[in-house]
2 protein chains.
Amino acid sequence: MNIGEAAKASGVSAKMIRYYEEIKLIPPSDRTASGYRSYSQSDIHRLQFVRRARDLGFQVAEISELLALWGDRSRKSSDVKKVAQKHIVDLQQRIQDMQEMADTLQTLVSCCAGDGRPECPILEGLEKSAKTTSRPAARKGAVTSIKKKR
Amino acid sequence: MNIGEAAKASGVSAKMIRYYEEIKLIPPSDRTASGYRSYSQSDIHRLQFVRRARDLGFQVAEISELLALWGDRSRKSSDVKKVAQKHIVDLQQRIQDMQEMADTLQTLVSCCAGDGRPECPILEGLEKSAKTTSRPAARKGAVTSIKKKR
DNA sequence: CTTGACCTTCCCATGATGGGAAGGTGTACT
DNA sequence: AGTACACCTTCCCATCATGGGAAGGTCAAG
């Protein structure tokens with residue numbers, strides 16, 4: 001299978017397949033005599049795994065761990081569970097941060113007449129201190145990216 | 001006020017102040033004879049505005065709109081409200097996407113024994129199709145970034 | 001007049017992704 | 001055979017907001 005077919009079959013774009021290979025998330029593919037990448041069914045299978053993990057918001061580094069566990073027949077399911085739970089906590093933190101933003105903003109929006117006059121509680125809120133609910137509560141490595149179309 | 005003091009006073013790092021100037025989010029600051037940037041109280045005020053808008057998750061392009069409205073004495077509050085509401089919808093979409101990820105993952109985690117054995121429903125879920133609740137529901141320009149420490 | 005804390009600009013890196021150029025390959029049709 | 005076209009290759013660039021750090025200038029206190 002050429003990279004284009006592999007992309008269609010796995011849902012991972014050709015660009016990304018090359019990128020994953022480059023950063024060593026996946027092993028280098030076989031090559032034809034002329035240098036074309038060639039993918040087996042099991043390569044496709046791995047790409048699908050990666051794709052699904054990305055869809056669940058895992059970062060590449062985490063997927064790397066998951067792939068290692070996936071291929072380790074003597075893994076402990078507790079190790080997998082740990083990775084997944086950590087990711088859930090991460091997602092929930094990000095959700096909470098965004099929910100706080102949305103809530104604060106909603107409060108301001110609710111106070112705004114939204115008519116032809118210039119008076120605007122939203123701008124006033126941005127001018128002063130927009131701490132309606134809580135402080136931003138900083139985090140270490142918030143990555144928080146949502147996938148596009150694909 | 002030097003850039004360092006302005007940074008402390010506004011909560012925007014010196015690096016970012018220079019960056020915002022470079023991308024024309026804010027006007028070029030005054031300069032001392034020796035080339036140091038110099039900030040007035042009203043400059044600080046604007047930086048605080050930007051900082052708060054970032055804290056609410058607005059992107060630079062949106063903040064640019066908000067700053068323009070902020071400085072427009074004949075603005076219509078409805079215009080401000082529109083920008084804010086659009087951002088709320090955006091946040092909610094991102095929250096929903098992440099919530100779906102978390103839910104799917106939670107389902108898998110709940111099925112995983114998490115012990116010393118290799119059998120793992122989480123990996124199996126990644127292997128097959130992890131569509132427990134819904135399809136990813138793609139979006140146009142999902143940006144979804146949460147601030148760090150600052 | 002030195003020291004140390006500031007400032008300046010410039011370049012690089014991040015993470016995951018896409019765009020596109022320049023050039024090679026493979027195949028199907030005339 | 002030749003030609004067109006779809007595909008492949010590598011390489012570079014851009015995104016977005018942010019930080020790191022180097023090389024060198026400025027300023028104030030001792």
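Sequence lines set the chain letters: A, B, ... in the order given, protein chains first and strands last, and positions in each chain run from 1.
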For the pair A/H87 (side chain) and B/L105 (backbone), establish whether a donor and an acceptor sit closer than 3.5 Å, ignoring hydrogens and angles.
-> no
Is any side-chain N of the basic residue among A/R94 and A/D97 closer than 4.0 Å to the acidic one's carboxylate O?
-> no
Inter-residue atom distance B/I88.CD1 - A/M101.CE, 0.5 Å rounding = 12.5 Å
B/R18 vs C/dC10: side-chain N/O to OP1/OP2 distance below 4.0 Å = no
Is there a donor-acceptor pair under 3.5 Å between the side chain of A/R52 and the backbone N or O of B/E127?
-> yes
Just by modelled atom types, is the A/S10 backbone N or O under 3.5 Å from a matching donor or acceptor in the A/R51 side chain?
-> no
Using whole Å, report how far CD of B/Q59 lies from C1' of D/dT15.
-> 12 Å
If each end axis of the helix from C/dC1-D/dG30 to C/dT30-D/dA1 is fitted on five C1' pair positions, the angle between them, to 10 degrees, is 30°
Residues from residues 31-44 of chain B sitting under 4.0 Å of DNA chain C, heavy atoms only?
-> B/R31, B/G35, B/Y36, B/R37
Check whether any side-chain nitrogen or oxygen of B/S13 sits under 4.0 Å from OP1 or OP2 of D/dG19, and answer yes or no.
-> yes
Strictly below 4.0 Å, heavy-atom distances to any atom of DNA chain C: list the hits from residues 62-69 of chain A, or just say none.
-> none
Could you give me the CA-CA distance, side-chain angles and deciding distance for B/Q96 and B/E100, then say whether side chain to side chain donor-acceptor pair (under 3.5 Å) is met?
-> CA-CA 6 Å; B/Q96 190 187 314; B/E100 280 168 18; 3.2 Å; yes
Of C/dT17, D/dC8, D/dG20, the nucleotide closest to the side chain of B/K15 is D/dG20
Interatomic distance where CD1 belongs to B/I3 and C1' belongs to D/dT26 [whole Å] = 15 Å
To the nearest angstrom, how far is A/R94 atom CZ from C/dG15 atom C1'?
-> 12 Å
Nearest-Å distance for atom pair CD/C1', residues A/E5 and C/dG26 | 12 Å
If you measure only the distance, is there a donor-acceptor pair under 3.5 Å linking the side chains of B/D43 and B/S29?
-> no
In whole angstrom, give the distance that lies between atom CD of A/E22 and atom P of D/dC11.
-> 9 Å
Take atom CD1 of A/I17 and atom P of C/dA16, then tell me their distance rounded to the nearest Å.
-> 16 Å
Side-chain contact check for A/M16: nearest option of C/dG19, C/dT8, C/dG18 is C/dG18
Can you check whether A/Y19 has a side-chain N or O nearer than 4.0 Å to OP1 or OP2 of C/dG15?
-> no
Out of C/dC7, C/dA16, D/dG20, which nucleotide sits closest to the side chain of B/N2?
-> C/dC7
Is a side-chain N or O of B/D72 found less than 3.5 angstrom from the main chain of B/S74, in a donor-acceptor match?
-> yes
Would a distance-only check, ignoring hydrogens and angles, find a side-chain to backbone donor-acceptor pair under 3.5 Å from B/S77 to A/C120?
-> no
Specify whether B/F49 and B/W70 have parallel, tilted or perpendicular ring planes, treating 30° as the upper limit for parallel and 60° as the lower limit for perpendicular.
-> parallel
Shortest non-hydrogen separation from A/M1 to A/A9 and the atoms involved = CE-CB, 4.1 Å
State, with a plain yes or no, whether a side-chain heavy atom of A/K86 is found less than 4.5 Å away from one of A/D90.
-> no
Just how far, in rounded Å, is P of D/dC27 from CE of B/M1?
-> 18 Å
